[in-house]
Structures are given as structure tokens and as C-alpha cells.
Amino acid sequence: MARTQIIAGNWKMNKTVPEAVAFARELLQGADLTGVEVVLCPAFPALGPVVEALSGGPVRVAAQNVFWEDRGAYTGEVSPVMLRDAGCRYVIVGHSERRQYFGETDETVNRKVKAVLRHDLVPIVCVGERLSEREAGETFAVVERQVTGAFAGVGETAAAGMVIAYEPVWAIGTGRNAAPEDAQAVNRFIRELIGKLYTPAVAEQVRIQYGGSVTPENAAALLGQPDVDGALVGGASLEVESFRAIINAARRV
Ligand code: PEP
């Protein structure tokens, strides 16, 4: 069975509620969103309003982060129960900015993944090497450690439904995307790893995005790779026009 491409726009700490809602409405207007899954990832305050603006349509909503407990004395945190209640379908877990600035580790990423799955949300697990790691020839070892850590204790059915985003850290927000064949090589490696951790059938089902300076100009070449099942898009998801162009590239794959 062919995997449906999944294009997610990670707005990071951008867009007020009115800006986010206006984007969501504009995206729905006149856009052909068939044949591809589209996901918007607003900041927490805009999650509910964006879900409402998109209601009845095909576009899904993801949170950019989550905590692993359901409730309690964790000032400033947001639980998977709350995200589900707000109408989210997906949650980005372990984005490199969270690993870099907020101390997330393979262990905390795994706790978050399991919490998200417990509440029938789908994790989009981010993995990827830093520039120094790539230069040291450690890309595959780093990605293997991150994927194995994130999936520890996750059952086969849940694993098959998950999304992995391969995002080389040096490509994020730099305008320097991975070459399509390099993205393909790492995504293929991740799929084979999932095949070893689970079964070949699970590996065939799991969707593996590429992220890192995806633009309307380079999207077709990246998304055309056999093991690239979509994109996690930062900067180019902030304008409807460029985000739509990337969606259209995915529809043509
Ligand atoms: C991201 O933040 O996940 C990302 C890939 O950002 P950008 O597209 O801006 O590189």
C-alpha cells in the first residue's frame, strides 16, 4: 500500500491567534488538498482556534511539544490530554530546537512519545545529526541512537502509525537543504532500522519525512525520493503561497 505524503508546517514561535486563523482560512480557500495529508503546527494559544477554523476540512493540527504527565503541578507544561481535547491529531516530539535549547534527551523524547500514544495522538518524532556529527561520519549512528531511543517500548501497531522526521540540524533554518540523495540515504536507513526493530511490514507503513530548508524550489526533488514521505517545513510554511507550492509538489509525487 502506498504511503500518503504528509506535509506539516511547523510555525515555531510565530503567528498570533488572528494571524494563525487567517492563514488556516486562506489555505482552505480554493486549494486542492486531495492526495496528500496537510498538517499545521501552531503555537499552543492558537491550537484551538486553528482547529476550529479548519473544522470539517482535511487539514489536521499538531502541537509543537507536549509534557508526558496527564495533569498536575508542572507549571508551564501542556499535557497530551489537553492537546487531544483541543482537537490535535499529531504532536511534534524531539525537535532539534527542543533538544538544543530545552535539554530534551532520547529518554525524555521516549517518555513524550509514549504519553502521546497513550492518548491516541500521533507523534512526529524528529531526529537528525548536527554538522559536527555529519563531518565526523556519525550521521547513521546518531540517527540510529535517536530512533531506537524514541521507539523504546512502543508496540508494533503504534509504531506503524507514527511519523518520523529526518531533520539534519545543519539544514534547519539555514537555507542549506540536504541533497535529495543524502536525504534518501538516511530515510532508507531509518526504514531499514524500523524493519529490524519491528517487522518489514511496519517499516513499509511508517512515514518518514525530510525537514531542513524545504522550499517550493527544492520540494519536488526531495519529495520524489522513494523513502521521503513528506516534509516538515519551517520557514516556508509561514506564507500560504510557499506552503501551498510545497503541498502541490507532494501531490505530484
Ligand atoms: C523545522 O523547524 O522543522 C524546519 C525544518 O525549519 P526550516 O524549514 O525553516 O529549515
Side-chain angles (χ1 to χ4, degrees), residues 1-12 24 33 35-44 46-48 50-51 54-55 57-70 78-96 98 104 106 108-128 146-167 187 190-191 193-194 197-199 201-211 227-234 237 247 250:
M1 202 185 75
R3 296 178 293 269
T4 304
Q5 291 260 326
I6 175 166
I7 304 296
N10 174 18
W11 290 343
K12 312 191 186 192
L33 302 170
V36 57
E37 188 170 5
V38 179
V39 182
L40 293 180
C41 320
F44 286 134
L47 284 175
V50 167
V51 166
L54 294 170
S55 73
V59 179
R60 303 286 167 229
V61 173
Q64 299 174 16
N65 183 32
V66 67
F67 190 55
W68 53 76
E69 296 290 347
D70 289 357
V78 174
S79 81
V81 179
M82 295 165 180
L83 297 181
R84 185 148 167 93
D85 180 61
C88 290
R89 164 78 58 93
Y90 292 96
V91 184
I92 299 174
V93 179
H95 191 281
S96 67
R98 298 223 48 93
E104 297 204 3
D106 293 336
T108 59
V109 167
N110 179 244
R111 291 179 85 162
K112 290 181 178 199
V113 164
K114 288 192 282 201
V116 164
L117 291 169
R118 249 195 330 271
H119 292 283
D120 289 327
L121 293 158
V122 179
I124 300 174
V125 179
C126 300
V127 299
Q146 291 173 334
V147 172
T148 307
F151 279 75
V154 172
E156 210 171 289
T157 310
M162 279 169 59
V163 179
I164 301 169
Y166 167 55
E167 298 207 304
N187 280 29
I190 293 171
R191 195 176 307 288
L193 175 61
I194 294 293
L197 293 173
Y198 296 94
T199 64
V202 172
E204 278 311 304
Q205 262 178 278
V206 78
R207 287 184 294 176
I208 310 175
Q209 298 173 307
Y210 165 79
D227 287 291
V228 177
D229 306 318
L232 184 52
V233 186
S237 73
I247 293 167

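Side-chain contact between Val91 and Pro123: absent, with no pair of heavy atoms (C-beta onward) separated by less than 4.5 Å. At least one side-chain heavy atom of Asn65 sits under 4.5 Å from a side-chain heavy atom of Phe44. Counting only heavy atoms from C-beta outward, the side chains of Ile194 and Ile164 approach each other to under 4.5 Å. Here the side chains of Val39 and Arg89 are not in contact, with every heavy-atom distance at 4.5 Å or above. With contacts defined as side-chain heavy-atom distances shorter than 4.5 Å, the pair Val38/Pro58 does not qualify.
Nearest heavy-atom pair, Cys126 versus Leu232, reported as atom, atom and distance to 0.1 Å: SG-CD2, 3.8 Å. Shown here for Tyr198 and Phe151, the closest heavy-atom pair between the two residues is OH-O, 3.2 Å. Smallest separation of non-hydrogen atoms from Val113 and Met162: CG1-CE, 3.8 Å. Smallest separation of non-hydrogen atoms from Cys88 and Ala63: SG-N, 4.0 Å. Across every non-hydrogen atom of Val66 and Ser79, the tightest pair is CG2-C, 3.8 Å. The two residues Val36 and Thr4 make their nearest non-hydrogen contact at CA-CG2, 4.0 Å.
Remark: Asp70 engages His119 in a side chain to side chain donor-acceptor pair (under 3.5 Å) (not counting sequence neighbours). Residues satisfying the side-chain contact (heavy atoms from CB on, under 4.5 Å) test with Thr157, not counting sequence neighbours, are none. Take Phe67 and apply the side-chain contact (heavy atoms from CB on, under 4.5 Å) test, not counting sequence neighbours, and it matches Glu69, Tyr74, Glu77. The side chain to side chain donor-acceptor pair (under 3.5 Å) search around Glu167 returns His95, not counting sequence neighbours. Partners of Lys114 by salt bridge (Lys or Arg N to Asp or Glu O under 4.0 Å), not counting sequence neighbours: none found. Contacts of Asp85 classified as salt bridge (Lys or Arg N to Asp or Glu O under 4.0 Å), with partners at least two apart in sequence or in another chain: none. Shown here are the side chain to side chain donor-acceptor pair (under 3.5 Å) partners of Gln5, two or more places apart in sequence or in another chain: there are none. Listed by chain and number, the residues in a salt bridge (Lys or Arg N to Asp or Glu O under 4.0 Å) with Arg191 are Asp227, Asp229 (sequence neighbours excluded). Annotation: ring-ring contact (aromatic ring centres under 6.0 Å, His included) contacts of Trp68 (sequence neighbours excluded): none. With sequence neighbours left out, the side chain to side chain donor-acceptor pair (under 3.5 Å) criterion links Arg111 to no other residue. In this structure Ala160 satisfies the side-chain contact (heavy atoms from CB on, under 4.5 Å) test together with Val202, Gln205, sequence neighbours excluded. The salt bridge (Lys or Arg N to Asp or Glu O under 4.0 Å) search around Glu37 returns Arg207, not counting sequence neighbours.
Using modelled atom types, one side-chain atom of Trp11 and one backbone atom of Ser237 make a donor-acceptor pair closer than 3.5 Å. The closest donor-acceptor contact from the side chain of Gln64 to the backbone of Lys12 lies under 3.5 Å. Formation of a donor-acceptor pair under 3.5 Å by the Gln146 side chain with backbone atoms of Gly128 is found in this model. Looking at Gln209, its side chain does come within 3.5 Å of a backbone N or O of Ile6 through a donor-acceptor pair. Of the possible donor and acceptor atoms, one in the side chain of Asn110 sits under 3.5 Å from a partner among the backbone N and O of Ala152.
Interatomic distance, CG of Asn187 versus OH of Tyr166, reported as 8.0 Å (0.5 Å rounding). The CG atom of Leu47 sits 6.5 Å away from atom CG of Leu83, with the distance rounded to the nearest 0.5 Å.
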